[in-house]
Every structure is written in C-alpha cells, then in structure tokens.
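Below: one structure, written as structure tokens.
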Protein chains: 2
Amino acid sequence: MAQLYEKCIKNGLRMTLPRKIILEVIEDSADHPDVDEMYRRAVEKDRSISIATVYRTIKLFEEAGIIERLDIGDGRSRYEEAGEHHEHLIDVESGEIIEFQNEELEEMKRQVALNMGYELVDHRLELFGKKIKK
Amino acid sequence: MAQLYEKCIKNGLRMTLPRKIILEVIEDSADHPDVDEMYRRAVEKDRSISIATVYRTIKLFEEAGIIERLDIGDGRSRYEEAGEHHEHLIDVESGEIIEFQNEELEEMKRQVALNMGYELVDHRLELFGKKIKK
DNA sequence: TATTAGTTTAGAATGATTATAAATATTTCT
DNA sequence: AGAAATATTTATAATCATTCTAAACTAATA
C-alpha cells in the first residue's frame with residue numbers, strides 16, 4: 001500500500017522522516033482527523049515531530065493532491081486520504097461523519113453550474129442529519 | 001421593511017440601539033459580508049459600537065433565525081439575511097458569490113439522507129466554478 | 001425610585017494557523 | 001567523501017478570527 005508514497009515522489013517531494021511519518025498517519029487513519037489529532041498520532045510514532053511541520057506538511061500534501069480537506073463548519077479543518085470523490089453526512093447528535101457517494105447528485109451539480117455558465121472545478125456538500133429511530 | 005425587527009421581537013430580543021444598527025446593516029447588505037465587514041458598516045452608523053457586540057449580536061441573530069451563516073472555506077464566516085433557502089456558486093477567479101436555487105437538488109439531498117436512515121436537519125452546498133467564455 | 005437582570009464596552013484570552021530565524025538534514029558539485 | 005548550496009525542521013513568536021471577562025451602563029421590575 002505504498003501508492004501514496006509513490007504519489008509523493010511523482011510530485012517531486014523529498015521524502016524526509018517527518019513526511020514519511022505523517023504519511024503513515026494518513027494511511028492508518030480511517031476517520032477524519034483534524035490537525036491536532038494528526039499531530040498527536042504522529043508524535044506517538046516520533047516524539048520529536050513539531051506541530052509546525054504537521055501544518056506545513058499537510059498543506060504540502062493537500063496541494064499535491066495526496067489528501068483532501070474537509071470542513072464541517074466548526075473551526076477546524078479535517079483531512080482524509082484523497083481518492084474516490086465522496087460526500088459527507090454528519091450525525092448532528094453523535095458528531096459521527098459518514099461518507100457516501102451519489103453519481104446522480106454529482107451530475108446534477110455539474111449541470112446546475114453549467115446552466116449558470118460555469119465549469120465546475122470543485123464542490124462541497126455536507127448533509128447534517130438526525131438518525132431516524134424505527 | 002421592518003419584518004426583521006418584528007422577528008426579533010417575536011424572539012423576545014430586547015431591541016437596543018446596537019442591535020437596531022446591526023439589523024440595519026443586515027437589511028442594507030445585498031452581499032455576504034464577514035464579521036469584520038459588518039463591524040465596519042455598523043461603525044459608519046455609530047462610531048461607538050464594539051466588535052465584541054457585533055460578534056455577540058450576530059450569534060444571537062443566527063440562533064434566532066434572523067440571519068444565516070455562509071462558509072466558503074476561507075477562514076471567515078459570512079452572513080446573509082435568512083429567507084428562501086438557496087445555494088452558492090463561488091467564482092474561483094473573481095471571488096464573486098452567486099446565489100441559486102434548485103428544488104430538484106434539494107429533494108435529492110433529502111432523499112439521500114433518508115436512504116441512509118437520517119432526517120435531514122441542515123445541509124450545505126457550495127459549487128466552485130470557472131466562468132465559461134464563449 | 002431602588003433593585004435586579006440584561007447588555008455593552010474595552011481589552012485580555014483562546015484556539016487555529018502562519019511566519020520567522022536558527023539549527024539540521026539532504027542534495028549537488030567537485 | 002567533503003564542502004557548498006539548498007531545503008526542511010524545530011521552536012517560538014506573530015496573526016487572525018473569535019470568545020470571555022469584568023466593569024460600566026441601560027432597561028425592566030417591584
């Protein structure tokens with residue numbers, strides 16, 4: 001599963017120890033950690049890593065398309081491995097973030113933008129929901 | 001056009017001078033100002049108003065459903081008068097924010113949430129587009 | 001009008017993020 | 001490999017948006 005590493009190399013990034021560690025953190029994370037959480041996970045692997053490096057590296061990885069930023073509207077940015085495009089449903093009671101995909105929805109967004117004379121270059125959708133108990 | 005004022009009263013808000021001024025600013029704004037911009041506009045009407053009051057009052061108005069928050073992903077919160085639900089298309093070149101409505105899209109969001117066992121309580125969609133030149 | 005409760009102000013505090021300067025590490029050149 | 005040049009990291013200060021606090025002020029109530 002070193003395809004992320006390959007992607008970094010392809011982007012001409014020097015793979016230093018801190019960058020490798022942060023990359024590992026990303027690979028190991030199935031959730032959507034914020035910077036602070038990523039920092040905590042990185043420190044577990046290497047005590048000496050600095051928060052500034054985490055911020056800088058995350059920005060670097062984001063620009064290289066290695067990770068994607070998710071903004072659920074509280075002040076912090078969360079990150080996840082880039083990949084298949086998907087949307088997020090946030091459970092307003094538990095804070096849980098659930099991923100989903102819906103091609104029809106995607107297509108409709110593209111279409112709506114087009115109707116206004118725009119080429120869609122990015123889009124962001126978050127649904128906030130309450131679990132229906134049966 | 002004092003329906004916003006009425007709405008405040010209905011919500012049991014004391015209508016002090018600063019609150020009236022901030023309400024005026026909201027009524028006069030056809031765009032999507034951030035807190036700092038709203039503060040600047042308020043100060044033009046009353047020199048003595050404080051940024052803390054603007055923050056507090058905005059939060060108050062948001063909770064009362066007088067205004068709505070818009071987050072376009074740069075660090076700041078923007079606000080607009082609450083009303084007809086609509087979405088935003090952000091022109092990535094000019095930064096311009098264009099409003100649009102699409103009931104079909106709305107319905108689809110509700111449906112997608114429902115399929116996952118959730119009642120949609122809120123949703124946020126932003127399209128980022130580049131103007132197509134003909 | 002005195003008392004109480006709510007609001008505003010100014011400024012300090014906080015939390016997330018970015019910038020800076022010195023120390024380290026990596027690459028390049030010979 | 002060793003020196004010079006370049007990039008990266010670290011620690012910390014700075015910044016930006018936002019929230020909190022305490023004292024002053026205003027409005028509502030008894």
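Just so it is clear, the values below take in all heavy atoms, side chains as well, and ignore hydrogens, waters and symmetry mates. Fair warning: this is a prediction, and the values are worked out from it, not measured in the lab. All chains are named by letter (A, B, ...) in the order of the sequence lines, taking the proteins before the strands, and each is independently numbered beginning at 1.
Using a 4.0 Å cut-off between charged side-chain N and carboxylate O, Lys130(B) and Glu119(A) make no salt bridge. For Glu93(B) and Lys133(B), the salt-bridge test fails: no basic side-chain N is under 4.0 Å from an acidic carboxylate O. Of the charged side-chain nitrogens involved, at least one lies within less than 4.0 Å of a carboxylate oxygen, so that Glu24(A) and Lys45(A) count as a salt-bridged pair. Between Lys59(B) and Glu63(B), no side-chain nitrogen of the basic residue sits less than 4.0 Å from a carboxylate oxygen of the acidic one, so the salt-bridge criterion is not met.
Mapped onto DNA chain D by nearest heavy atom, Leu60(A) and Tyr55(B) fall at different nucleotides, with Leu60(A) at the one closer to the 5' end. For the pair Pro18(B) and Gly75(A), nearest-nucleotide mapping onto DNA chain C gives the more 5' position to Pro18(B). Both Ser50(B) and Met15(A) sit near DNA chain C, but only Ser50(B) has its closest nucleotide nearer the 5' end.
Between Lys59(B) atom NZ and dA17(D) atom P the separation is 17 Å, expressed in whole Å. Taking atom CD on Glu37(B) and atom P on dT18(D), their separation rounds to 14 Å, with Å as the unit. Spacing between atom CG of Leu13(A) and atom P of dT9(D) amounts to 10 Å, rounded to whole angstrom units. Summarising the geometry, the separation between CD1 on Ile22(A) and P on dT8(D) is reported as 13 Å, rounded to the nearest angstrom. The interatomic distance linking Ile72(B) (CD1) with dA17(D) (P) rounds to 13 Å, in whole Å. Summarising the geometry, the separation between CZ on Arg76(A) and P on dA17(D) is reported as 19 Å, rounded to the nearest angstrom. One atom, CZ of Arg56(A), and another, C1' of dT10(D), lie 9 Å apart when rounded to the nearest Å.
A donor-acceptor contact closer than 3.5 angstrom is absent between the side chains of Glu68(B) and His85(B). When only modelled atom types and interatomic distance are considered, Arg19(A) and Thr57(A) share no side-chain donor-acceptor pair under 3.5 Å. For the residue pair Glu80(A) / His88(A), a side-chain donor-acceptor distance below 3.5 Å is found, with atom types taken as modelled.
Chain B approaches DNA chain C within less than 4.0 angstrom (heavy atoms of the protein), and the contacting nucleotides run 5' to 3' from dG6(C) to dG11(C).
Using a 4.0 Å heavy-atom cutoff across all strands shown, Arg19(B) reaches sugar-phosphate atoms only and no base atom. Using a 4.0 Å heavy-atom distance criterion, Ile49(A) is classed as a sugar-phosphate-only contact. Within the nucleic acid shown, Leu17(A) has no heavy atom closer than 4.0 Å to any nucleic acid atom.
Ile132(B) belongs to a hydrophobic cluster with Leu114(A), counting contacts under 4.5 Å between side-chain heavy atoms of Ile, Leu, Val, Met, Phe, Trp and Tyr, direct or through other members.
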Check your understanding: How does protein reach along nucleotides 24-30 of chain D, written 5' to 3' as B (base within reach of a heavy atom under 4.0 Å), S (only sugar-phosphate), or - (no contact)?
Key -> ---SS--
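Minimum interatomic distance between Tyr5(B) and Lys20(B) (heavy atoms only, all atoms of both residues): OH-CE, 3.7 Å.
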